[in-house]
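For the numbers below, each heavy atom of this structure counts, side chains included, while hydrogens, waters and symmetry mates do not. The structure displayed is predicted, hence computed values, not measured ones.
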Amino acid sequence: MSRGQAVRTGGDLVVESLAALGATTVFGEPGQHALGLFDALRRSGLRYVGCRTELSVAFAADGHARATGSVTPLIVSTGPGALGTLPALMESRAACVPVLAVSSQIPADGLGGRRKGYLHELPDQAASFRDVVKSVHVVRTAGQIVPALAEAWELALTAPAGPVLVEIPQDVLLAETEVPAASELRVAPRPLVPRAELVATAADLLVRAANPVILAGGGVVRAGAQAALLELAQELGAPVATTFGAKGAFPWEHPLSLQSWLEDRHLTAFLEEADVLLVVGSGLGELSSNYHTMRPRGRVVQIEADLGKLESNHPALAVHADARLALEELARAVKGTRGSRDEAVARSAVRDVLGRVAARLDAQDLTLERSLLAAIDRALPEQALSFWDMTILAYWAWSAWPRPMESAQGAGGLGYALPAALGAASTGGPVLAVSGDGGAMYGLAELATLRQHRLDVTWLIVDDGGYGILREYMTDAFGAATGTELARPDFTALAAAFGVPARRTTPEDLESDLARALRTPGPSVVVLPATLRMFAPTHLAG
């Protein structure tokens, strides 16, 4: 075949299939074995956003998938390229985010234990992913490409949603193919419907309860179950607390909203005292149970799409179902059956809990931290998305932030905020990213991506000279911190070198500086030198 000749290859079949499945944007990083994919992108209508590391590629796909609510594909090369996505795919798995990773593989004649010594060769690349992603789909011929991608896409969307991997050998991607293009691929994720008898039993327990309480997890948000949750809570007159991953699941200022103060013992005690605790879309893991100190004394009803999380921490009436489908059925089942329960009592109890939480915070001299979070809230446009790294300000936001947010608390890895924000900004902006200086060092190269693609992301970097939360943990536990102090660049000068506008700010000027940056189209950086503290933990005292 001569250079420039119009020939369809396996790579074309991949990008044609992604488009037929509904993809509009692909994130990636080129590599030798994947060049057939990248060449095919040139002939497709898909938008390509190239990041500077494979870790950022996968975080960006995660952010885009969270922003759109649908599957987002990424393409990377073999070996080091593919393996570089693993920490980000771990986050997508923990947070139930539908990402489709397409990785190349060495030529097929080096597979199956032959050990030809190809560049990037691994004995079994797919094995490295099997405990991280939801499913692995191994392609060995062009005829397998379309069905493998369709199956992977469907599984990524099926509750519980999550990342999937498709790997394809280099020679299959480069070879001419006569497999016809798929003009449209219809996939129908299998609905995870609750069993009728379990819904009836759960409804009976909730209706008879004198003090029902709801704990809503991230599964509510991922399933789009917010309206059903609100309807159910109002029918029952039941207070609702939301986990850190469930921001936006329930209106923050609603009279029945306990908000997200899950690390406060006052809220923990209130959840424990419920005679029926409905847990939906959460496994009651470490962060959602105040570090496993919560001990419910009443009956627990747990709705969860991930079978492995059902009753993993507490005995419960276990309802294996999609959160939206289950909450809709429950809301119908309890409609008009509240009986003599007085919602005014529940609202008063909510005010009492939140008052106790506020009083505990007031006694700790945390004015700086609370004022910074409030300033960011006021500066951020109402519908703008925000992505938060693992940093002290984000730990505050888990409890105190009053609106939807996305963070890396599913797996807890650093470097999430900026690449996830640029992924979301590929659908439109403005988008806010919040990092500490330690986490920011993971994503500095993506300033080039922001500039190249003119993405409307404002990056707030809180610079405290190191890994601030680890410094605090180590000092509290051992009396001194080791390995937490960091040399770092002048972030404003570095951003300017990338052609990205940047400014240093102060706590007093943060709101105005951040609002100005968010109003200005395109990328920007705001650096806040500040040393913050966490509020005192309550789980250590039980």
Side-chain angles (χ1 to χ4, degrees), residues 365-382 384-398 400-403 405-407 414-422 424-425 429-444 446-448 450-451 454-469 471-472 485-534:
D365 187 23
L366 297 164
T367 303
L368 173 62
E369 291 78 6
R370 297 167 79 177
S371 66
L372 290 179
L373 211 55
I376 297 169
D377 182 34
R378 291 191 298 268
L380 189 66
E382 185 176 349
L385 299 175
S386 62
F387 292 81
W388 303 66
D389 220 326
M390 300 295 284
T391 186
I392 287 180
L393 201 58
Y395 286 28
W396 265 97
W398 291 351
W401 186 251
R403 53 204 285 188
M405 61 177 285
E406 301 293 348
S407 75
L414 276 173
Y416 173 77
L418 182 62
L422 76 83
V431 178
L432 174 66
V434 181
S435 300
D437 55 292
M441 298 293 285
Y442 281 67
L444 290 176
E446 302 314 324
L447 288 168
L450 294 182
R451 181 65 176 173
R454 300 183 179 87
L455 297 171
D456 194 3
V457 175
T458 293
W459 191 15
L460 172 61
I461 301 173
V462 182
D463 184 357
D464 67 359
Y467 298 123
I469 191 66
R471 177 195 295 139
E472 190 165 309
E485 306 315 298
L486 301 174
R488 67 270 188 218
D490 179 335
F491 290 109
T492 57
L494 185 63
F498 279 98
V500 174
R503 70 167 56 231
R504 287 170 66 89
T505 190
T506 65
E508 295 75 21
D509 294 333
L510 174 62
E511 180 180 347
S512 59
D513 286 343
L514 195 58
R516 184 182 305 111
L518 287 161
R519 286 195 305 268
T520 305
S524 59
V525 173
V526 177
V527 180
L528 173 66
T531 300
L532 309 181
R533 296 189 301 123
M534 280 303 296

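Among all heavy-atom pairs drawn from Met390 and Leu414, the shortest one is O-CD2, 3.5 Å. When every heavy atom of Asp509 is checked against every heavy atom of Ser512, the shortest pair comes out as O-OG, 3.0 Å. Looking at every heavy atom in both residues, Ala394 comes nearest to Asp389 through CB-O, 2.9 Å. Between Ala433 and Val457, the closest heavy-atom pair is CB-CG1, 4.4 Å. Listed here is the closest heavy atom pair of Leu368 and Thr531: CD2-O, 4.1 Å. The two residues Val526 and Asp513 come nearest to each other via the heavy atoms CG2-O, 4.3 Å.
Side-chain contact check for Val527 versus Asp490: every heavy-atom pair is 4.5 Å or farther apart. Here the side chains of Pro489 and Met441 are in contact, with some heavy-atom distance below 4.5 Å. Between Pro507 and Ser371 the shortest side-chain heavy-atom distance does not fall below 4.5 Å. The shortest side-chain heavy-atom distance between Leu432 and Ile376 falls under the 4.5 Å cut-off. In this structure the side chain of Leu450 never reaches within 4.5 angstrom of the side chain of Trp459, judged on heavy atoms. The shortest distance between side-chain heavy atoms of Pro523 and Leu455 does not fall below 4.5 Å.
To the nearest 0.5 Å, atoms CG (Leu460) and CG (Leu510) are separated by 6.0 Å. Separation of atoms CG (Asp365) and CZ (Arg370) is listed at 10.5 Å; rounding is to 0.5 Å. Between Leu422 atom CG and Glu446 atom CD the span is 6.0 Å, to the nearest 0.5 Å. A distance of 6.5 Å separates OG1 in Thr505 from CG in Leu528, rounded to the nearest 0.5 Å. Remark: Glu511 CD to Leu380 CG distance equals 11.5 Å, nearest 0.5 Å.
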- Chi angles and distances behind the side chain to side chain contact (heavy atoms under 4.5 Å, CB included) call for Trp396, Leu372: CA-CA 10 Å; Trp396 265 97; Leu372 290 179; over 6 Å; no
- Check the pair Asp464 / Asp437 against side chain to side chain contact (heavy atoms under 4.5 Å, CB included), numbers first and verdict last. CA-CA 7 Å; Asp464 67 359; Asp437 55 292; 2.9 Å; yes
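The pair Arg471-Glu485 meets the salt-bridge criterion, with a side-chain N (NZ, NE, NH1 or NH2) lying under 4.0 Å from an Asp/Glu carboxylate O.
No more than 12 heavy atoms of other residues, nucleotides or ligands sit less than 6.0 Å from atom CZ of Arg504. Remark: Arg516 CZ is packed, more than 12 non-hydrogen atoms of other residues, nucleotides or ligands lying under 6.0 Å away.
A side chain to side chain contact (heavy atoms under 4.5 Å, CB included) with Val434 is found for one member of Leu418, Thr458, Leu393 and no other, namely Leu393. For the side-chain hydrogen bond (donor to acceptor under 3.5 Å, both in side chains) test with Ser407, the passing option among Trp398, Tyr395, Trp401 is Trp398; the others fail.
The backbone N or O of Arg533 lies less than 3.5 Å from a partner atom in the side chain of Glu369, making a donor-acceptor pair. In this structure, the side chain of Arg403 engages the main chain of Asp377 through a donor-acceptor pair within 3.5 Å.
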